[in-house]
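The next block holds one structure in the form of structure tokens; read it before the comments.
Note on naming: letters A, B, ... go to the chains in the order of the sequence lines (proteins, then strands), and numbering restarts at 1 for each one.
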Amino acid sequence: MPNMNLTHFEASLLFAIFSSLVLGVVTKKTDSERVRYGLKCFGYFLATIFGLGWLMYLGHR
Amino acid sequence: MSKAPKPPKLPLPHIKLWGHVVLAGWLVPGAGHFLLKRPIRGAILLSSVVVTYLLGLLMRGALFQPEFGDLLTTIIYTGGFVGDLSAGLLYLATVWMGYAQPDAAGHVHDYGTKFLVAAGLMNILAMVDAFEIAAGRKD
């Protein structure tokens, strides 16, 4: 079986994409609401990734 | 300050309405939605769960085995096992075909383990959604 090596950023970005897709599909009632909610979740994931990344960087200086 | 009245608890519909949908959704992610004639949502769920699970396998993530000891061990290992098992046929095929990996140190393996559990948890969300549609609680 092939082995895959991803950085923290790549792995968490992929996780954010697929989690947001599923959260968007299973919640809300209309398609536009689903798209908006999926994008909102992805935005929150990104904000958390960058926020925690900077926090860890500054915490280790 | 007065509290808002609690919404009445809905009775559980007969299992004939939703049993096969939830079972199909567990075995093959998104299959419940396909049975309920929601092919686009089913396809998105299928691809998301399968790709997440395969990424977890390719990152050599470990599958959890249920363990009972102190509370934290029980929650992590048994909860992780339930998460893995929720991926349905993907989990069963991984175990049957011998692709289950031993736990290894390293951030990539760690992410892989989390991807495998997350795929199962995503499938639980899909199964609950399929149940709600089959039971008539959602469009």
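Listed for the B:Trp18 side chain is no donor-acceptor partner under 3.5 Å among the backbone atoms of B:Gly136. Here the side chain of A:Ser12 pairs a donor or acceptor atom with the backbone of A:Phe9 at under 3.5 angstrom. Side chain of B:Asp84 to main chain of B:Phe64: a donor-acceptor pair is present (N/O by atom type, distance under 3.5 Å, no hydrogens or angles).
Summarising the local packing, CD1 of B:Ile40 is surrounded by 12 or fewer heavy atoms from other residues, nucleotides or ligands at distances under 6.0 Å.
Of all non-hydrogen atoms in B:Val21 and B:Ala134, the two that sit nearest each other are CG2-CB, 4.3 Å.
Hydrophobic clustering of Ile, Leu, Val, Met, Phe, Trp and Tyr side chains at less than 4.5 Å, counting indirect connections, keeps B:Trp26 apart from B:Val82.
With a threshold of 4.5 angstrom between heavy atoms, B:Leu125 approaches chain A through its backbone and through its side chain. Only the side chain of A:Leu23 comes within contact range of chain B, judged by heavy atoms closer than 4.5 Å.
Interface check for chain A: of the options B:Leu58, B:Val51, B:Leu55, the most heavy-atom pairs under 4.5 Å are formed by B:Leu58. Considering only heavy-atom pairs separated by less than 4.5 Å from chain A, the leading option among B:Leu57, B:Thr52, B:Val108 is B:Val108. Of the residues considered (B:Arg38, B:His107, B:His33), B:His107 shows the highest number of contacts with chain A, using heavy-atom pairs under 4.5 Å.
Taking 4.5 Å as the heavy-atom cut-off, the residues of residues 25-54 of chain A that approach chain B are A:Val25, A:Val26, A:Thr27, A:Lys28, A:Arg34, ordered by number.
Sequence neighbours left out, the pairs with a member in residues 105-119 of chain B that pass salt bridge (charged side-chain N to carboxylate O under 4.0 Å, His left out) are B:Asp110-B:Lys114.
Inter-residue side-chain proximity for B:Asn123 and B:Tyr53 is flagged as unmet; no heavy-atom pair is nearer than 4.5 Å.
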